[in-house]
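To start, the structure under review is shown below, and the notes come after it.
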Amino acid sequence: MADRKNIHFFHKKGTEFEDKIVRLKNLAVDNGFTLVDKADEANIIASIGGDGTFLQAVRQTGFRDDALYVGVSTGQLGFYCDFDIEDLPGMIEAMMNEQVEVRRYPTIKVDVENDASFYCLNECSIRSGIIKTLSLDLYIDDLFFERFKGDGIIVSTPTGSTAYNKSMDGAIVDPKLACMQINEVASINNNHYRTLGSSFLLSEERALVINMVDDGNDFPIIGMDNEALSVRHTGSIRISLSDKRIKTVKLKDNSFWHKVKRSFL
Ligand code: NAP
Ligand code: MN
């Protein structure tokens, strides 16, 4: 890639922000950036929308670890959006400034047996697609750990820890820690079924292997961030930290913990 200032804008079509998006694109061109239609020709991928849009931008452009992702918010600033569409000059200034820091967010890799491998930036969740509970055998590396029965399991990245994981009382994890958090969704715990009952973290050297237990519920849904993969009779699912890191721009005084404080306190 010869030109390091190729920028691709990712956004929903026909939003109320069309005018502002056009202004943003013009401003980028005025400042020496080249607009590219194909994301794989871009060095910078700018997502315009909310955190959900950012997750889609990363997914639909293939979790590029050689590109810089930039989140531009059209509402309140979220966790992946450092910029505000209302502050265009601020955005260009930051992009032109060589001093801007780059963050690297850990992602997880999900290998589905007899299917493909997928990446997640927030989390992978395995949930029952029907009213019945789901039974799952969990292994940590080769160790059989527990048999889970309930609504599902969430495996989140550090940046995903503030999303679904947080609603299930999981801990908020600093993205400088490359790890994944395993959390339960409504586990049954009685004299027949027993799970750990608290969430736990696994290091990048470990893998979580989940086997579907054949007990009449063949309808798991595998959620990858904001996309669902419906599978029947999935064998084994292996989840581990991936080598891919998602790079984003870090502005001064806008660390992960600034965001946590701004959003929740
Ligand atoms: P959504 O249902 O519109 O999103 C739910 C909310 O989560 C939105 O406010 C979204 O922000 C926010 N969000 C997304 N990623 C976040 C993060 N890393 N930290 C804190 N908040 C975050 O769907 P979506 O916008 O496509 O987002 C998908 C995510 O929703 C999933 O990855 C999952 O984590 C989360 N989710 C949560 C629950 C729950 O808490 N019960 C259930 C299902 C899914 P924006 O408004 O800026 O998009
Ligand atoms: Mn959303």
Side-chain angles (χ1 to χ4, degrees), residues 10-17 20-21 46-61 63 69-87 103-110 118-129 134 150-187 199 201 220-230 239 241-242 244-250 254-265:
F10 181 98
H11 54 90
K12 285 192 202 116
K13 303 280 177 280
T15 68
E16 55 186 300
F17 299 99
K20 283 178 183 148
I21 293 171
S47 155
I48 306 174
D51 284 338
T53 312
F54 188 91
L55 293 170
Q56 277 294 307
V58 172
R59 181 161 303 279
Q60 291 187 25
T61 59
F63 283 79
Y69 288 91
V70 180
V72 183
S73 159
T74 50
Q76 69 216 39
L77 288 179
F79 277 84
Y80 294 113
C81 302
D82 279 76
F83 299 94
D84 187 341
I85 192 120
E86 305 294 346
D87 180 22
R103 299 189 185 92
R104 287 182 173 75
Y105 287 149
T107 62
I108 53 178
K109 183 165 176 268
V110 182
F118 304 88
Y119 292 93
C120 302
L121 181 57
N122 259 359
E123 77 282 290
C124 171
S125 57
I126 299 163
R127 286 179 274 178
S128 174
L134 193 63
D151 286 0
I153 290 281
I154 304 166
V155 182
S156 74
T157 64
T159 52
S161 68
T162 50
Y164 198 0
N165 168 74
K166 186 174 188 298
S167 306
M168 297 309 302
D169 285 335
I172 306 296
V173 179
D174 193 318
K176 291 193 176 206
L177 287 171
C179 62
M180 55 185 188
Q181 182 166 184
I182 292 84
N183 207 338
E184 306 176 347
V185 185
S187 59
S199 65
L201 301 179
I221 291 177
I222 305 182
M224 317 264 183
D225 298 338
N226 49 14
E227 230 158 74
L229 179 76
S230 263
I239 307 177
L241 256 286
S242 96
K244 283 182 191 272
R245 296 277 190 277
I246 294 301
K247 288 189 287 178
T248 64
V249 171
K250 185 195 167 295
N254 198 26
S255 71
F256 176 74
W257 293 103
H258 283 92
K259 293 175 183 202
V260 171
K261 184 178 174 193
R262 186 176 66 213
S263 299
F264 301 119
L265 295 174

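Atoms within each ligand, like the ligands themselves, are counted from 1 in listed order.
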Taking all atoms of both residues into account, what is the closest heavy-atom pair of [X] and [Y], and its distance?
X	Y	value
Cys124	Cys120	CB-SG, 3.9 Å
Arg262	Gly78	NH2-O, 3.4 Å
Thr107	Leu121	CG2-CD1, 4.0 Å
Tyr164	Val185	OH-CG2, 4.4 Å

For the backbone of [Y] and the side chain of [X], can you confirm whether one donor and one acceptor N or O come within less than 3.5 Å of each other?
X	Y	answer
Ser242	Lys244	yes
Asn165	Ser156	no
Asp84	Thr74	no
Ser47	Tyr69	no
Ser161	Val173	yes

Option passing side chain to side chain donor-acceptor pair (under 3.5 Å) with Tyr80 (candidates Thr53, Asn122, Asp51):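 Exactly one candidate clears the test, Asn122.
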Going by a strict under-4.0 Å cutoff (protein heavy atoms only), does [atom] have a neighbour on the protein?
atom	answer
atom 40 (O) of ligand 1	yes
atom 46 (O) of ligand 1	no
atom 15 (N) of ligand 1	yes
atom 5 (C) of ligand 1	no
atom 12 (C) of ligand 1	no
atom 8 (C) of ligand 1	no
atom 31 (C) of ligand 1	yes

Got an N/O contact under 3.5 Å between Thr53 and ligand 1?
->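 Such a contact does not occur with ligand 1.
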Checklist entry - Would you say Gly160 and ligand 1 have an N/O pair spaced under 3.5 Å apart? => result no
For [atom], find the nearest protein heavy atom and state the residue, atom name and distance (0.1 Å precision).
atom	result
atom 24 (P) of ligand 1	Gly52 CA, 3.8 Å
atom 29 (C) of ligand 1	Asn122 ND2, 3.9 Å
atom 19 (N) of ligand 1	Thr162 OG1, 2.6 Å
atom 27 (O) of ligand 1	Leu55 CD1, 4.0 Å

Tell me the contacting part of [X] for ligand 1: side chain, backbone, both, or neither, using a 4.0 Å heavy-atom threshold, strictly below.
X	result
Glu123	side chain
Tyr164	both
Ser167	side chain
Thr159	backbone
Asp51	both

Taking atom types as modelled, is there a side-chain donor on Asn226 or Arg59 under 3.5 Å from an acceptor on the other? no
For ligand 1, which atoms sit closer than 4.0 Å to a heavy atom of [X]?
X	result
Asp225	31 (C), 32 (O)
Tyr80	18 (N)
Asn226	26 (O), 28 (C)

Tested for ring pair (Phe, Tyr, Trp, His ring centres under 6.0 Å) against Phe79, the lone hit among Tyr105, Phe264, Phe54 is Phe264
Give a yes or no on whether a salt bridge exists between Arg103 and Asp82, defined as a side-chain N under 4.0 angstrom from a carboxylate O.
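Salt bridge present between Arg103 and Asp82.
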